[in-house]
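Order of the sequence lines sets the chain letters (A, B, ...), proteins ahead of strands, with each chain counted from 1. Only this structure's heavy atoms are used, side chains among them; waters, hydrogens and symmetry mates stay out.
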Amino acid sequence: MGRGSGSGRPTFFARVFVLVSRIPRGRVTTYGAIARALGTPRAARSVGWALSLAPQEDALPCHRVVDRNGFLSGGWHWGHPDVMAGLLRDEDVPFLDPYRVDLAACLWLPDEDDFEPRLPV
DNA sequence: AACATGACGGTAG
DNA sequence: TCTACCGCCATGT
């Protein structure tokens with residue numbers, strides 16, 4: 001109820017929030033990856049805008065969303081990028097630089113949920 | 001209906 | 001590899 005979904009079909013923002021809520025702890029994804037998963041590959045900017053308006057009460061892990069290069073482009077939303085970096089470090093997310101995570105090691109793609117592993121890891 | 005906004009992405013130099 | 005530009009999109013006025 002408070003995600004702009006009052007008129008029936010979920011809005012773009014609402015779908016973004018659902019996806020973000022599924023990002024596993026210790027992993028991160030990108031604005032573009034979310035946009036592609038929603039069927040609008042060119043709407044990366046809109047994804048970022050949606051996150052900037054994410055309701056606090058939803059307690060979404062928006063710190064797990066970075067840009068295509070792993071940089072914490074939304075870091076200032078917490079007052080200072082150090083706060084976002086701290087949240088990620090607490091989850092043992094690997095960093096390449098103070099404000100850049102190692103995407104090669106922790107990138108999570110929404111599609112992964114569609115590939116159910118046949119064997120338990 | 002047009003214009004401005006904003007936590008992006010791809011490409012060229 | 002880094003910077004500058006330009007193109008894309010959903011919303012609110």
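For the pair A/Leu72 and A/Met84, the tightest heavy-atom approach, listed with the atom from each and the gap, is CB-SD, 3.8 Å. Shown here for A/Pro98 and A/Ala85, the closest heavy-atom pair between the two residues is O-CB, 4.1 Å. Closest non-hydrogen pair, A/Arg27 versus A/Leu107, comes out as NH2-O, 2.7 Å. In plain terms, the two heavy atoms of A/Leu109 and A/Ala33 that are nearest each other are CD2-CB, 3.9 Å. When all heavy atoms of A/Val28 and A/Ile23 are compared, the pair lying nearest together is CA-CG2, 4.3 Å. Considering all non-hydrogen atoms of both residues, A/Pro55 and A/Phe17 come closest at CD-CE1, 3.8 Å.
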>> With side chain to side chain contact (heavy atoms under 4.5 Å, CB included) as the criterion, how do A/Leu88 and A/His63 come out once you've worked through the C-alpha distance, each side chain's angles and the decisive distance to 0.1 Å?
In response: CA-CA 7 Å; A/Leu88 292 171; A/His63 59 284; 3.7 Å; yes
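Residue pairs meeting the side-chain hydrogen bond (donor to acceptor under 3.5 Å, both in side chains) criterion with at least one member in residues 96-108 of chain A, sequence neighbours excluded: A/Asp82-A/Tyr99. Annotation: side-chain hydrogen bond (donor to acceptor under 3.5 Å, both in side chains) contacts involving residues 29-51 of chain A, sequence neighbours excluded, comprise A/Tyr31-A/Ser73.
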I'd like a list of close polar pairs between nucleotides 9-11 of chain C and the protein, N/O only, cut-off under 3.5 Å.
| unit_1 | atom_1 | unit_2 | atom_2 | d |
| --- | --- | --- | --- | --- |
| C/dC9 | O2 | A/Ser46 | OG | 2.6 |
| C/dA10 | O4' | A/Ser46 | OG | 3.2 |
| C/dT11 | OP1 | A/Phe12 | N | 3.1 |

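Contacts between chain A and DNA chain B, taken as any atom within less than 4.0 angstrom of a protein heavy atom, begin and end at B/dG6 to B/dT11.
Here A/Trp76 pairs with A/His80 under the ring-ring contact (aromatic ring centres under 6.0 Å, His included) rule; sequence neighbours left out.
Residue-to-nucleotide proximity on DNA chain B shows that, of A/Arg68 and A/Gly48, the 5′-proximal contact is made by A/Gly48.
Following rounding to the nearest Å, A/Asp67 (CG) and C/dT3 (C1') show an atom-to-atom distance of 15 Å.
Sorted by residue number, the list of members of residues 69-93 of chain A with any non-hydrogen atom under 4.0 Å from DNA chain C is empty.
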